[in-house]
There are 2 protein chains.
Amino acid sequence: MMSVTIKDIAKLANVSHTTVSRALNGSPLINRETKEKIQEIARKLHYTPNFSAKSLVLDRSYNLGLFFSTLNEGTSAGFFFESVRGVNSVIKGTYNLVVRGIDDYTDFKGISRKSFDGLLVMSQSAKDDDFIRHVRDMQIPCVVLNRHVDSFDAVNILSDDRQGAFQIVEYLIREGHRRIAIIEGKAGFKSTQERKKGYLDAMTKYKLPVRKDYQVQGSYDLESGYHRMKELLKLGADELPTAVFCSNDDMAVGAMKAALEYGLTIPDDLSLAGFDDNLFSGYLSPALTTVKRPVEQMSRKGAAVLVDLIETKEQVKDTVYLRTELMIRDSVSRPREALDKAKTAGPSSAD
Amino acid sequence: MMSVTIKDIAKLANVSHTTVSRALNGSPLINRETKEKIQEIARKLHYTPNFSAKSLVLDRSYNLGLFFSTLNEGTSAGFFFESVRGVNSVIKGTYNLVVRGIDDYTDFKGISRKSFDGLLVMSQSAKDDDFIRHVRDMQIPCVVLNRHVDSFDAVNILSDDRQGAFQIVEYLIREGHRRIAIIEGKAGFKSTQERKKGYLDAMTKYKLPVRKDYQVQGSYDLESGYHRMKELLKLGADELPTAVFCSNDDMAVGAMKAALEYGLTIPDDLSLAGFDDNLFSGYLSPALTTVKRPVEQMSRKGAAVLVDLIETKEQVKDTVYLRTELMIRDSVSRPREALDKAKTAGPSSAD
DNA sequence: CATATTTATGCACACGTTAACAACGGAATT
DNA sequence: AATTCCGTTGTTAACGTGTGCATAAATATG
């Protein structure tokens, strides 16, 4: 079954294939009647342009890449889903959205101007720098999301994780917590570092002791949250933190389980805070207090900027920070100690 | 910056571009020395083939499509993520994986043999039939996942949801439950119907009363689970079911929250079962008893079959059912009534 | 030694599209 | 009446690759 080309249409319309091409692309130099006749015929024959041919001559692939650091470990389902959805909502129809993990590649030979009109890199780790450098060398229009890269004149869109983490830890402190632990994200991930910085910022600002044994390394997945929390619980009743800041919601779920198994109730015995605001976080019991990260917004904006970049060929270096949002729910309360103290000291000193 | 083509290589190697083409594609009719010399030059120049040109002459797009019914509502993040991952792990390098929602399209003109070498349709609803028909008309190699379609000679890979639902409801019954409610999935989705059938199968097999007010319609998202559970709770203490089968895990989370808010403890006052086995399900408190659906396996297998289909041009009609697996965890226990009865009747009749 | 066969390479065209340029008829300008 | 101009259409080449056929050289066969 041969597919119909502009030449077929040309024959039927008694014109040259050039005229057909122009008519179908809305060129202004074509007579209105001819144009309509041609469009009519094209419609009737169910003509669809051959994009490979277009690509070849126009030097565009019609592919947009959305690259994650990895699709294997450290990328949560919610994050992935929201990212794809955000991009997808912007590029409807015009482009193909190609989704990939950077760590799927051993070499980047296949990534060229010819194969991608533009790239969105949802970057989670400094390991991506090789890839990003390659993209720059290939002069592929590119927007880096989620992680700051300097030494690269690209648009950079990310959420202010440090500020967000600071905000939620500050909230814990204001609620009266002084012994606050952190379960960190995957080692090497930029977000891990930023969230930890936010935690430290808050602790320092309020002159709280920063204990090494209150800092444990997770890997952003549920399981690690569970195990790291168990580790913290080994500190024993006297040394236990009154609040734990988990570097993402997935780990908070794991941590919650560990705490519950240990016999603690949340938030009465232990306050728990997360980061990300996954879809399910509001539906946990207790509902998780966390920081909402604008993932979908980030990828939407990224896609919009990228498309603009491709179509206007303008190269801008620009860094955009998107605001995070504190989501106060039920997994954090005033610590028992604070309450006790308030009781003994009388209501007057209870803030 | 001009990119290097086989003609550039040809000049340097003092051969025709034809020879280069053949050498780079491993044609057997080329002298070994020449071949090596050419490959060496290609490597040195960082040559990458222009896929648009290849596509044009070979009539292949190198694109594989993974189409979901929708990316907006009714597709859970975990399901989406696992699907993409499964496909991605199979097609490394060779193809571009293009992810799309069917409901993004108003017409399917753009979906042609030219633009996709093959298609995976992760079908969730009968609404997809128009699309699938189109794909068939266009003679695009296609594998339909997750939903049974007849009247279409395609490979069909799905999990046996009916059997899985039967299995878990039967488990509830064996644990002593007689008043079992169901929160159904999104109306119109095939999986919704299949899971409900499994529920009814089990109820009928054990001759349990099937009550209309024990069947409520959800939409697969957390929120609907929450609200439908609240509805069930309105039935009042005497009429309450002792177990609720939620048609997916997301809704089970919502339902759990509603039950907890109502003052019930799970599983002592109410048993809860889910479906899917999301990543987080084992980490809920209590850990969710559910049915594991082999999503990643499904998409892996689908991708493998599709690639095979494309490369051998063989058209097979075949339906593969993948087994689900019962995941017994902590959200289901024997109902209080059953226990009471056991107690009054003495240990002998317990079991 | 003449002929057949194999091996290695090149020539020319094809794929479907766009675009620079030429060409043509008619209208407007000189 | 000759020239310029405009609006519309056609001619031709180009994009980078693969392939059928011709060809040349080398080797085997009789």
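First the proteins, then the strands, lettered A, B, ... as listed; each starts at 1. Only heavy atoms go into these numbers, but all of them, side chains included; no hydrogens, no water, no symmetry mates.
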Check your understanding: Under the criterion side-chain contact (heavy atoms from CB on, under 4.5 Å), which of Leu158(B), Asp129(B), Asp161(B), Asn156(B) is the partner of Arg147(B)?
Key ->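 It is Asp129(B); the other options fail the test.
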Check your understanding: Does Phe81(A) have its ring centroid less than 6.0 Å away from the ring centroid of Phe81(B)?
Key ->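 No - the distance between ring centres of Phe81(A) and Phe81(B) does not fall below the 6.0 Å cut-off.
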**Study point:** Check: Phe116(A) ring centroid to Phe67(A) ring centroid under 6.0 Å
**Key:**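 Phe116(A) vs Phe67(A): aromatic centres under 6.0 Å.
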Practice item. Considering just the side-chain nitrogens and oxygens of Lys54(B), establish if one lies under 4.0 Å of OP1 or OP2 belonging to dG18(D). Key: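 Yes, such a contact exists.
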Point to revise | Nucleotide dT17(C), atom C1' - distance to CG of Asp59(A) in whole Å | key: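 These atoms are roughly 13 Å apart.
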Review point. dA19(C) C1' sits how many Å from Ile6(A) CD1, rounded?
Key: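 Taking CD1 of Ile6(A) and C1' of dA19(C), I get 12 Å after rounding.
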Practice item. Report, as yes or no, whether the 6.0 Å neighbourhood of atom NZ on Lys190(B) holds more than 12 heavy atoms from other residues, nucleotides or ligands. Key: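 Atom NZ in Lys190(B) is packed in, count exceeds 12.
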Check your understanding: Would one find more than 12 heavy atoms of other residues, nucleotides or ligands at under 6.0 Å from atom NE2 of His46(A)?
Key ->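 Open: at most 12 neighbouring heavy atoms sit under 6.0 Å from NE2 of His46(A).
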Check your understanding: Quick one: does NZ or CZ of Arg43(B) land under 6.0 Å from the six-membered ring centre of Tyr47(B), within 45 degrees of the ring axis?
Key ->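 So Arg43(B) doesn't make the cation-pi contact.
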Practice item. Choose from dG18(D), dT17(C), dG16(D) the nucleotide whose nearest atom is closest to any side-chain atom of Leu58(B). Key: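 Ranking dG18(D), dT17(C), dG16(D) by closest atom to the Leu58(B) side chain puts dG18(D) first.
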Check your understanding: Mind checking whether Phe68(A) and Phe80(A) have parallel, tilted or perpendicular rings, split at 30° and 60°?
Key ->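 Rings of Phe68(A) and Phe80(A): tilted, as their planes differ by 30° to 60°.
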Point to revise | Contacting residues from residues 10-28 of chain B, given that a heavy atom lies under 4.0 angstrom of DNA chain C | key: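 Within this stretch, Asn14(B), Val15(B), Ser16(B), His17(B), Thr18(B), Thr19(B), Arg22(B) sit under 4.0 Å of the strand.
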**Study point:** Of residues 29-52 of chain B, the positions that come close to DNA chain D - non-hydrogen atoms, cut-off under 4.0 Å
**Key:**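 The answer is Tyr47(B), Pro49(B), Asn50(B).
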Point to revise | By side chain to side chain donor-acceptor pair (under 3.5 Å) - contacts of Asp8(A) (at least two apart) | key: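 Per chain and number, Asp8(A) pairs via side chain to side chain donor-acceptor pair (under 3.5 Å) with no residue.
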